[in-house]
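This is a predicted model, so every value here is computed, not measured.
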Amino acid sequence: MAKAPSDEYLEILGAVFKEARERAGISQKKLAEVSGVGRTGIVNLEAAKRNISILIGQMLADGLNVPYASLITEVERRWKKRK
């Protein structure tokens, strides 16, 4: 059975944020501390179990010291490439 498009999108979104966090060399706990986003939310985002608002995405990007637009651009690139 094929995945729902929303599930595919959440997998891409979670992967992009997880890769950015790993590149930054910080743990989920540290990202929670510096971004103000709960660790459980970060865990669920990276596991593709949670969608996020624009505000939460911006807070995470700020915590990672990367432009939010660059993260979303990468999500969009992967989304289009999957077809």
Side-chain angles (χ1 to χ4, degrees):
M1 184 171 175
K3 291 181 186 176
S6 59
D7 292 340
E8 288 183 71
Y9 189 86
L10 290 180
E11 287 178 1
I12 294 168
L13 183 69
V16 168
F17 274 87
K18 181 177 182 177
E19 291 163 14
R21 179 183 59 76
E22 290 174 341
R23 273 193 307 277
I26 63 174
S27 66
Q28 292 170 334
K29 181 180 177 183
K30 182 65 176 175
L31 179 56
E33 291 170 6
V34 299
S35 69
V37 175
R39 186 184 158 284
T40 302
I42 294 167
V43 168
N44 288 332
L45 166 64
E46 292 183 0
K49 294 180 180 176
R50 177 179 179 206
N51 200 349
I52 57 171
S53 68
I54 293 170
L55 176 59
I56 296 297
Q58 184 64 62
M59 291 169 67
L60 291 170
D62 290 348
L64 294 167
N65 293 314
V66 298
Y68 181 54
S70 69
L71 296 171
I72 296 305
T73 298
E74 179 60 16
V75 170
E76 182 178 13
R77 185 190 70 75
R78 292 182 190 188
W79 177 253
K80 289 180 178 178
K81 186 178 177 183
R82 84 191 198 303
K83 294 182 176 183

Next item on the list: Taking R50 for its side chain and I42 for its backbone only, find out whether a donor-acceptor pair lies under 3.5 Å.
Entry: no

Next item on the list: Quick one: pull up CD in Q58 and CD1 in I52 and give me the separation to the nearest 0.5 Å.
Entry: 10.5 Å

Next item on the list: Identify the heavy atoms of P67 and A61 that sit nearest to each other, and give their distance.
Entry: C-CB, 4.3 Å

Notebook entry, point to check: Are V43 and I56 linked, directly or through other ILVMFWY residues, by side chains that come within less than 4.5 angstrom of each other?
Noted result: no

Checklist line | Interatomic spacing from OG in S70 to CG in L64 - rounded to 0.5 Å | finding: 9.5 Å

Check: Which pair of heavy atoms, one from S35 and one from G63, lies closest together, and at what distance?
Finding: CB-CA, 4.3 Å

Check: How many angstroms lie between CE in M59 and OH in Y68, if you round to the nearest 0.5 Å?
Finding: 12.0 Å

Notebook entry, point to check: Which atom pair, heavy atoms only, marks the closest approach of E8 to R82?
Noted result: OE1-NE, 3.2 Å

Item checked: Gap separating the CG atom of L71 from the CG atom of L60, nearest 0.5 angstrom -> 9.0 Å

Check: Are any of the side-chain nitrogens in E74 or R23 under 4.0 Å away from the carboxylate oxygens of its partner?
Finding: no

Next item on the list: Kindly compute the distance separating CZ (R21) from CD (E19), expressed to the nearest 0.5 Å.
Entry: 10.5 Å

Checklist line | N51 and L13, any side-chain heavy atoms less than 4.5 Å apart | finding: yes

Notebook entry, point to check: Just wondering, do I72 and V16 contact through their side chains at under 4.5 Å, heavy atoms?
Noted result: no

Margin query: Would you say that R77 contacts T73 through its side chain, given a criterion of any heavy-atom pair below 4.5 Å between the two side chains?
Written below: no

Next item on the list: Find the distance between CD (Q28) and CD (E22) and round it off to the nearest 0.5 Å.
Entry: 8.5 Å

